[in-house]
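The structure appears right after this line, and notes come after that.
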Amino acid sequence: MLRSNPVLECQFLRSVLFSKDWPEISGKEFVFWGKSNVGKSSLLNALMQKKGFAKVSKTPGRTQSINFYQAQKGIRYVDLPGYGYACVPKNLQNIWHQHVVDYLLTRSNLCVVFLLIDSRRDVHFQDLQVIDFLQRSFVPVKCIYTKIDRIISAQRKILSLKESKTDCFEVSATTREGVLELRSYILNHSFQKTSL
Ligand SMILES: Nc1nc2c(ncn2[C@@H]2O[C@H](COP(=O)(O)OP(=O)(O)OP(=O)(O)O)[C@@H](O)[C@H]2O)c(=O)[nH]1
Ligand SMILES: [Mg+2]
């Protein structure tokens, strides 16, 4: 157990797209990305223990800008719009995507990109493309399987096999399984030198 819990006390900073509107560089940013509807915003709410802080929806495409949250000890969370299918016009999605890529490639205090994957689905080719893009751009990336409350134990064994190769977290925003481990990882990495 962590003695103090700096990740918990969070405040919303801003919801923006353009680089001129991003908050000033400060502390370490932990970024949540993945296909639309994988549970990025829900996981952030579970991490921050603030229901409804980040807006959640059954409809893919809910998060439409770059959302910054400030926690203690210089830790920041960044909730990104998803990629892949979303219930919004493609041209709008392309605009988000350009700003997201701009953010990922230029943000000097970016610590880790958590790439979320719905544990009920196969890893999509877009996820593999994103992982490849981030690795080639020297952006640290770590995978998180989400919604593990929705899968049966046999499927979990398959996930843990994959995990042995890719070193992923498994979480549920609903039951909070895995959230404490993720929180500890974030806290530990917030003290390390940014490797960008
Ligand atoms: N059962 C279960 N449902 C979840 C979990 N996490 C998220 N959901 C549901 O999945 C849906 C999408 O969740 P969001 O958190 O909005 O997903 P997102 O990745 O932020 O979606 P976009 O902002 O549209 O890209 C919602 O209906 C959530 O209630 C989970 O751990 N378990
Ligand atoms: Mg969202």
Side-chain angles (χ1 to χ4, degrees), residues 7 10 12-17 22 29-69 71 76-101 103-104 112-131 133-134 141-156 158-160 162-163 168-183 185-186:
V7 187
C10 298
F12 172 70
L13 278 182
R14 59 183 79 168
S15 178
V16 289
L17 268 183
W22 300 342
E29 291 180 350
F30 293 84
V31 181
F32 293 76
W33 204 25
K35 288 183 74 186
S36 295
N37 206 242
V38 289
K40 301 175 289 296
S41 304
S42 302
L43 179 57
L44 271 172
N45 285 335
L47 265 175
M48 298 188 283
Q49 292 194 354
K50 299 226 184 205
K51 215 174 173 188
F53 214 36
K55 297 289 174 276
V56 166
S57 170
K58 282 192 176 119
T59 309
R62 178 65 184 87
T63 305
Q64 305 197 351
S65 51
I66 304 175
N67 292 274
F68 294 86
Y69 298 87
R76 270 186 192 162
Y77 295 140
V78 183
D79 188 15
L80 294 180
Y83 51 81
Y85 176 76
C87 297
V88 289
K90 198 71 196 160
N91 59 344
L92 187 59
Q93 236 188 320
N94 288 341
I95 292 171
W96 306 340
H97 192 71
Q98 282 165 20
H99 291 290
V100 165
V101 168
Y103 167 80
L104 293 168
V112 177
V113 174
F114 293 115
L115 205 283
L116 276 62
I117 295 165
D118 188 330
S119 58
R120 299 169 300 174
R121 321 248 180 263
D122 282 335
V123 177
H124 197 269
F125 81 93
Q126 278 179 310
D127 298 320
L128 298 174
Q129 283 181 333
V130 163
I131 293 168
F133 159 73
L134 292 171
V141 56
K142 191 154 176 80
C143 293
I144 300 180
Y145 285 107
T146 59
K147 308 189 187 182
I148 58 165
D149 57 291
R150 299 290 290 274
I151 60 171
I152 55 172
S153 58
Q155 287 173 292
R156 284 197 181 204
I158 296 169
L159 278 185
S160 52
K162 284 186 198 159
E163 194 179 332
C168 293
F169 285 106
E170 294 174 16
V171 301
S172 165
T174 304
T175 64
R176 299 184 191 275
E177 188 176 344
V179 171
L180 196 61
E181 288 81 356
L182 179 59
R183 197 177 282 152
Y185 175 90
I186 289 170

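Order of appearance sets the numbers: ligands from 1, and atoms from 1 within every ligand. Note that the numbering runs from 1 along the sequence shown for the chain.
The ligand atoms of ligand 1 that sit less than 4.0 angstrom from a heavy atom of Lys58 are 27 (O). Each of the following atoms of ligand 1 lies closer than 4.0 Å to a heavy atom of Arg150: 1 (N). For ligand 1, the atoms sitting less than 4.0 Å from at least one non-hydrogen atom of Gly82 are 25 (O), numbered in the order shown with element in parentheses. Atoms of ligand 1 found under 4.0 Å from any heavy atom of Ser41, numbered from 1 in the order shown, are 15 (O), 20 (O). Of all the atoms in ligand 1, the ones that sit under 4.0 Å from a non-hydrogen atom of Ala173 are 6 (N), 30 (C), 31 (O). Set against the non-hydrogen atoms of Asp149, the atoms of ligand 1 under 4.0 Å away are 1 (N), 2 (C), 30 (C), 31 (O), 32 (N). Every atom of ligand 1 with a heavy atom of Ser42 under 4.0 Å away is listed here by number and element: 6 (N), 7 (C), 13 (O), 14 (P), 15 (O), 28 (C).
Only the backbone of Pro60 comes within contact range of ligand 1, with a heavy atom under 4.0 Å; no side-chain atom does. Within the 4.0 Å heavy-atom criterion, both parts of Val56, backbone and side chain, lie near ligand 1. Residue Ser57 touches ligand 1 through its backbone alone, judged by heavy-atom distances below 4.0 Å.
Residue-environment remark: CG (Asn94) exceeds the threshold of 12 foreign heavy atoms within 6.0 Å.
Where the criterion is an N or O separation shorter than 3.5 Å, residue side chain and backbone included, Gly61 meets it with respect to ligand 1. The distance criterion of under 3.5 Å between nitrogen or oxygen atoms is met by Val38 with respect to ligand 1. Of the polar atoms of Asn37, at least one N or O is found under 3.5 Å from an N or O of ligand 1, judged by distance alone. Checked by distance only, ligand 1 and Pro81 stay at 3.5 Å or farther apart across all their nitrogen or oxygen atoms.
Look at Ser42 and the Mg ion (ligand 2): no N/O/S atom of the residue is under 2.8 Å from the metal. Taking 2.8 Å as the threshold, Ser36 does not count as a candidate ligand of the Mg ion (ligand 2), since none of its N, O or S atoms lies below it.
Summarising the geometry of Ser65 relative to Leu17, their closest heavy-atom pair is CA-CD2, 3.9 Å, with the distance given to 0.1 Å.
Residue, atom and distance of the protein heavy atom nearest to atom 10 (O) of ligand 1 are Lys147 NZ, 3.0 Å.
Remark: Glu170 CD to Leu182 CG distance equals 12.5 Å, nearest 0.5 Å.
Between Asp127 and Tyr83 there is a side-chain heavy-atom pair separated by less than 4.5 Å.
Contact analysis leaves Thr146 out of contact with ligand 1, as no non-hydrogen atom separation drops below 4.0 angstrom.
Ring geometry for Phe53 against Tyr69 counts as tilted: the plane angle lies between 30° and 60°, on a 0 to 90° scale.
Taking the ring centre of Tyr85 as origin, the terminal cationic atom of Lys35 falls outside the region bounded by 6.0 Å and 45° from the ring axis.
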